[in-house]
Structures are given as structure tokens and as C-alpha cells.
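Input: a single structure, listed below in C-alpha cells.
The sequence lines fix the lettering, A, B, ..., with proteins before strands; numbering per chain opens at 1. Owing to the predicted nature of the structure, the values given are computational and were not obtained by experimental measurement.
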Protein chains: 2
Amino acid sequence: MKKNKEVTIYDLAKKLKYSPSTVSRALNNHKSISEKATREIQATAKKMGYRPNSLAASLRNNRSKTIGIMIARINRPFVSTLISGIENAARKAGHNVLISQSNDIYENEVNNAKALYDSRICGLIVSLGMETKDTKHFQQFADQNIPIVFVDRAPDDFNSYRVIIDNYAAGYRATQHLIDQGCKRIAHFAGAQHLNVYNLRKKGYLDALRENNIPVDEELIMDLKTMSFAEGKEATRILLERDNPPDGIFSSNDTAAVSSIITAKDKGIKIPEELAVIGFNDDPISSIVDPALSTVSHPAMKMGEISTQRILDHSTRNMDADISEITMLDTEIIVRNSSKRIKD
Amino acid sequence: MKKNKEVTIYDLAKKLKYSPSTVSRALNNHKSISEKATREIQATAKKMGYRPNSLAASLRNNRSKTIGIMIARINRPFVSTLISGIENAARKAGHNVLISQSNDIYENEVNNAKALYDSRICGLIVSLGMETKDTKHFQQFADQNIPIVFVDRAPDDFNSYRVIIDNYAAGYRATQHLIDQGCKRIAHFAGAQHLNVYNLRKKGYLDALRENNIPVDEELIMDLKTMSFAEGKEATRILLERDNPPDGIFSSNDTAAVSSIITAKDKGIKIPEELAVIGFNDDPISSIVDPALSTVSHPAMKMGEISTQRILDHSTRNMDADISEITMLDTEIIVRNSSKRIKD
DNA sequence: TTGTAAGCGTTATCAA
DNA sequence: TTGATAACGCTTACAA
């Protein structure tokens with residue numbers, strides 16, 4: 001088991017007859033070091049295969065260049081795009097990214113928070129799991145002035161950065177869109193109501209109905225626990241078997257929306273003529289289903305980039321971690337054939 | 001900017017009148033420490049809010065508990081599921097996961113390798129980018145006996161662990177399936193041929209044709225650089241405008257396959273009667289497109305878990321890093337309506 | 001501009 | 001069973 005001993009700044013110092021501090025400074029392009037020494041040291045470092053040990057630097061500086069991510073599941077289109085945005089921005093700034101997923105289990109979320117804390121991350125980006133109802137496990141970061149950015153699924157009882165979309169407005173506009181297409185009985189697939197994202201979309205839906213003088217029919221509001229394909233199918237089945245079925249569905253995610261399109265088509269219902277459907281997220285499946293699903297697009301990549309930026313800025317500006325700063329991004333209603341009754 | 005000073009083992013030691021070494025051992029459940037001391041120390045640690053600093057431990061041990069991942073893009077269904085599998089297995093073993101993406105740019109891949117090396121990861125899991133044609137940037141890990149696992153897109157000129165599928169067999173069987181459905185002129189969407197995954201699928205395709213005495217028509221082999229939706233569309237258009245169009249397509253990924261279904265349907269071609277299509281990966285879109293796409297399923301989650309296991313085992317068994325060990329996983333042909341001519 | 005020395009929080013070795 | 005001490009590789013006052 002060969003293993004070449006690693007080159008350290010001490011090795012460089014000995015070789016070049018400089019002190020370790022000079023070597024360290026030269027490697028970090030410190031201005032006090034002569035150009036000649038800097039060149040010489042950097043050249044030798046390269047030649048000898050020196051590689052900085054960021055563990056050591058982080059320990060010494062009491063500050064790592066590592067951003068931690070906590071999400072429920074990595075393999076969801078929105079989430080993986082979000083992570084992609086975070087990673088791109090972090091990498092560009094010379095930071096690393098540690099990921100952790102809870103698989104929607106609260107206990108995992110708590111343990112992951114511990115593990116990331118122990119890794120002395122310099123900032124945390126979180127999108128809450130379905131099960132998360134309290135936030136005490138995030139306090140440890142705030143206590144050490146480690147900035148926390150809640151993205152998308154954010155709590156509102158915790159001071160921190162928030163990068164979110166206007167879920168209320170999006171829900172309102174999605175519903176209004178269906179109304180504009182002539183829908184009179186609009187059903188809603190509502191997600192877990194303790195999560196703001198779902199709760200606000202529902203509020204937007206309700207207000208849009210009210211302001212258009214459409215009576216709210218509680219029977220049309222389907223509470224889906226996980227918004228899965230199977231749940232969407234079941235909800236659609238129930239709705240369509242009613243005496244007075246809906247003529248439109250606003251689903252809080254695309255998975256359930258696509259499921260409803262497929263289920264309804266199967267039962268011979270015409271989309272969008274008899275049932276207009278709009279989803280949420282603009283997942284890849286939404287442009288593949290036939291007819292293509294209208295949806296609300298989430299700027300996932302951008303949300304990731306902005307979240308990273310909040311963390312980087314926080315460190316630079318030396319802010320206090322119990323700041324509360326909300327960044328609200330625009331969503332866009334994407335109209336496709338699943339809801340286009342009025343052709344242009 | 002309040003910031004509670006963090007509690008260290010020295011603080012615990014002072015408080016309890018033990019030495020730091022005893023505290024350290026107690027926290028690690030070292031057997032030489034009395035039960036009483038261990039209990040007492042762990043209780044006080046909890047009470048005082050002690051949190052281990054894994055940077056310090058890693059530095060001291062010259063060995064971190066962090067697995068690095070290098071992939072091209074996170075937001076692809078196969079990749080994000082792979083990462084999910086890696087993360088689950090790593091977390092269970094008390095390891096962290098650092099991610100890096102190259103966005104299919106070779107230079108980024110090289111820089112990411114450097115960054116992960118500098119973080120002193122204990123193992124590396126890699127799926128190569130489209131542009132990667134050499135592997136010298138991985139040598140630094142082997143030199144330090146840091147195990148490398150190539151997953152899916154693996155080079156064959158580098159000794160390491162490999163967790164792959166039998167692309168040749170999968171290509172062969174996918175093609176055979178189309179032949180079994182009565183296809184006589186089968187086109188192939190081939191990806192970048194310097195990558196084994198695509199190269200072997202094509203070989204399987206060619207051999208299946210030959211062994212069924214079907215002449216290979218070079219005109220039916222479409223070289224797609226990135227296997228994107230747009231490329232799939234264009235390739236389909238070209239094929240269908242030929243005097244002698246294909247009656248089947250084996251696409252090396254689902255994106256291009258789905259694209260071909262949509263494009264062909266648009267031109268009034270009946271799927272699967274006039275054109276049977278099979279893809280590769282079993283991405284979510286493949287079960288949503290109408291007719292649903294037959295495909296070859298990749299055990300992505302499992303590949304991630306196994307890759308992590310290779311790294312963990314390597315450390316435990318104290319192996320030499322220039323080992324060459326291949327794990328080949330089974331794929332499954334999933335027959336859906338896009339190729340089902342013979343109904344059961 | 002460069003060097004000395006201390007220290008970041010652990011853990012392993014050796015000794016008691 | 002416990003303690004003293006050095007070391008992991010780096011950075012930064014402070015001194016020269």
C-alpha cells in the first residue's frame with residue numbers, strides 16, 4: 001500500500017530556505033511578499049506537487065468554505081435543479097457543497113443538521129421536508145452566526161434568509177387562468193397545509209374564486225398528503241365519479257396534475273374541453289404528457305444561485321445571523337394545451 | 001454579532017477535572033475508559049452543548065469521512081437518483097457527501113477534482129462528462145490511495161472500482177426486442193462514441209442485427225452528440241423523410257426516444273404499428289409520454305449505494321487504490337406501448 | 001519583506 | 001484506567 005507522503009508548506013519552506021509563514025503568504029498571494037519570492041514559491045509548490053489542505057486551513061481559520069444543503073429528496077426535478085444552481089454558484093466562489101437528504105423523515109433532518117454542523121459549514125441552505133413542523137434543530141446554526149437560507153419550503157417562525165416564490169399570487173393566477181378559460185367548477189389538489197408553499201397556493205385559489213364570485217365548494221378541495229402520482233389518480237377518480245364533477249383542476253404540483261390528465265383521458269374525458277388542468281413546477285413530465293400540461297414555473301436554478309449568494313454575502317458583510325430577509329422571485333404561468341380552451 | 005464560544009473537549013476536561021485525552025476517549029466510547037467516566041463525560045458534553053469538530057478530527061487522523069462526487073449535471077433523473085443512493089448509504093455509515101458538477105466541461109472536471117482533493121475526501125465517485133477523454137486528473141487520488149469508483153460512464157484505461165451495467169447486453173436485448181416485435185429496419189440513436197456506455201450499446205445493437213441476419217444500414221445509425229430532445233427531433237425528422245424510413249428506433253436514451261415518439265406522432269406516424277421505439281434509462285418522462293415508452297432500466301439508486309459501499313470497504317480492508325474491480329449490474333427491458341405490437 | 005511562535009480541536013503514543 | 005505531550009497543516013500576531 002504505497003502512499004506518497006504529502007507535501008506541506010514546511011517541505012516547501014525547507015527546500016526554498018524560507019519560513020513556513022512566508023510560504024503560506026506567498027501561496028495566498030499576500031501583498032507583503034516580494035514578487036520574486038511569490039513566483040519562486042508558487043513555482044516550486046507546483047513542481048513538488050504541493051496541494052493545500054483545506055481541512056487544516058478551515059480549522060485554523062475557524063471558518064470553512066463549505067455550504068451545507070438539507071433537502072427532503074435529491075431526485076426530484078425541482079430539487080436537483082436547485083442543487084445544481086447552488087453548486088454552480090458555490091463552485092464559482094471557490095466553495096464546496098455538502099448535501100444531505102431527509103427522505104421526508106423528521107428524525108433524519110435533525111441528524112443531518114447535526115452532521116452538517118459538526119462539519120463546520122459556513123452556511124446552510126434548507127428546503128423543509130413534508131414532516132417538518134418545528135425548527136429548533138436550526139437554532140444551533142444561528143447561535144454560531146452561521147447563516148441559514150430557507151428556499152421554497154420555508155418556515156415563518158424562524159429569522160433567517162428566505163428565497164421563495166409568491167405562492168399566493170401563483171395560486172391566484174393559476175386559478176384565474178382556469179376561470180379565464182371558462183371553468184366554473186375548479187377543483188384543487190392541496191398539499192400538506194402546514195407547509196407554506198401549499199397553504200398559500202390554496203389561499204390564492206380560494207381568493208381567486210371569491211373575487212370572481214364563484215362559490216367555494218369544499219368537496220372540490222382534495223387534500224393530498226404527498227401529492228404523488230397515485231394520490232393524484234385516486235383524487236381524480238373520486239372527483240370524476242361525483243354527480244357534479246369539476247371542469248377544471250388546479251394541482252399544487254405537476255405529478256398529481258399529470259396523473260389527473262392521464263386518469264381523466266382514460267375515462268374518456270376530453271382535456272381541456274371537459275376538464276382543464278394546470279399544475280405547478282414545470283417538471284419535465286409536464287411538457288411530455290399529452291396534452292401538454294399548463295403549469296406554474298419555478299425559477300429553481302436561480303433560486304439556488306441566489307441562496308448561495310446570500311450565504312457568501314453574509315460572510316463578507318459580517319452580518320448577524322438572526323437577520324430576516326426575504327427574496328421573493330417571480331413565477332410564470334405557462335399555458336399549454338391542457339388548459340387552452342380559447343385558442344389564439 | 002454575538003457568537004457563543006464553542007465548547008471543546010478542553011472545556012469539558014476542565015469542568016470535570018479529567019484530562020482532554022480521557023474526555024476524547026470517553027466521547028468515542030473507547031473501551032479503556034471506565035463506564036462511570038464515560039457516562040459522566042457524555043452527559044456533561046450534552047448538557048454543555050459540546051459538538052465535535054470533525055475538521056479537527058479529520059486533520060488529526062489524516063482521514064476524513066467525506067465522499068466526493070463528480071458528475072456532469074445534477075439535474076438529470078439518472079444522476080440525481082444515483083446521488084440519492086450514494087447519500088443514503090454514506091449517511092447511514094456516518095459519512096458526508098461533497099458534490100461537484102462539471103456541466104460537461106472538461107476544464108471544470110479537472111478543477112473539481114482538485115477542489116475535492118484539497119478537501120481530503122476519503123473516496124471519490126465519478127461519472128464522466130461528455131467531453132472527458134483522458135483521466136490523468138484522477139491519478140492524484142490513486143497516488144494517495146484514495147479509492148475511486150467510476151459509475152456508469154467509466155473509462156477503461158484506469159485501474160479502479162467500476163460499478164456499471166452491461167451496456168452491450170442491454171443494447172443487444174433492446175434491439176432483439178424490436179426484432180421480436182417484427183421490426184425489419186431498426187434505426188439507432190447513438191451517443192458520443194468515446195464513452196463506453198454509448199459505444200457498447202451500439203455494439204450490442206449491431207450484433208443483434210447481424211445475428212438475426214438483418215443487414216446493417218449505416219444510414220439508420222444517427223450520431224447524436226448530446227442525445228438532447230432537439231437532436232432526437234431532428235434525427236427523427238431526417239429518418240422519416242427518407243425514401244425507406246425505419247420501422248423501429250433503439251435510442252440510447254429516453255430523452256431522444258420520447259422526442260422521436262412526439263415528432264413521429266406529429267407527422268401522423270402510428271406508434272408502435274409503423275414505428276416501434278425503445279429508449280434507455282427509464283426516466284420519468286418515459287412512462288408519461290403517450291404511448292408510454294419501452295426502455296431499459298438502470299438501477300440508479302442501487303448503483304449509488306454499491307459505489308458508496310466500495311469506498312467504505314476499501315478503507316476498512318486497507319486496500320491498495322490501484323485495484324481493478326468491476327461490479328456489473330443487471331438491467332431490465334421494460335416493455336410499454338411504444339413497442340408492443342404483439343399484445344398479450 | 002520575512003521570521004518566530006502560538007494555536008485552531010482533535011487523537012495517538014507513551015508513561016504512570 | 002487515566003494523564004502529559006506531541007502532532008496533524010495551516011494562518012496570523014508580533015517581532016525583526
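You'll find the side chain of A:N96 reaches within 4.5 Å of the side chain of A:R91, heavy atoms only. Side-chain atoms of A:H137 and A:T132, non-hydrogen and from C-beta on, do get closer than 4.5 Å to each other. Considering only heavy atoms from C-beta on, B:N29 comes within 4.5 Å of B:Q42 through its side chain.
In this structure, OG on A:S34 lies 12.0 Å from CZ on A:R25, to the nearest 0.5 angstrom. Taking CD1 of B:I71 as the start and CG of B:D152 as the end, the distance is 12.0 Å to the nearest 0.5 Å.
Residue B:K14 contributes atom NZ, which lies 16 Å from atom C1' of D:dG3 at whole-angstrom precision. If you take CG of A:L55 and P of C:dT11, they are 14 Å apart, rounded to a whole angstrom. We find that CD1 of A:I41 is positioned 15 Å from C1' of D:dT11, with the value rounded to whole Å. Rounded to whole angstrom, the span from the CZ atom of B:R60 across to the P atom of C:dT10 amounts to 13 Å. Across the protein-nucleic acid pair, B:L12 atom CG and C:dG9 atom P stand 12 Å apart, rounded to whole Å. Spacing between atom OH of A:Y10 and atom C1' of D:dT11 amounts to 10 Å, rounded to whole angstrom units. For B:N62 and C:dA12, the CG to P distance is 12 Å, given to the nearest whole Å. The distance between atom CG of B:N53 and atom P of D:dC8, rounded to the nearest whole Å, is 18 Å.
Within the nucleic acid shown, A:R63 has no heavy atom closer than 4.0 Å to any nucleic acid atom.
The side chain of B:N61 places an N or O atom within less than 4.0 Å of a non-bridging phosphate oxygen (OP1 or OP2) of C:dA12. Put simply, B:S34 has a side-chain N or O that comes within less than 4.0 Å of OP1 or OP2 on D:dT2. For B:Y50 and C:dT10, the shortest distance from a side-chain N or O to OP1 or OP2 is below 4.0 Å.
The stretch residues 16-32 of chain A touches DNA chain D through A:S21, A:S24, A:R25, A:N28, each having a heavy atom within less than 4.0 Å of the strand.
The residue from A:F141, A:Y161, A:F138 that alone fulfils the ring-ring contact (aromatic ring centres under 6.0 Å, His included) condition with A:F150 is A:F138.
Both B:R120 and B:A37 lie near DNA chain D, and the one whose nearest nucleotide falls closer to the 5' end is B:A37.
Residues satisfying the side-chain hydrogen bond (donor to acceptor under 3.5 Å, both in side chains) criterion with B:H194, sequence neighbours excluded, are absent altogether.
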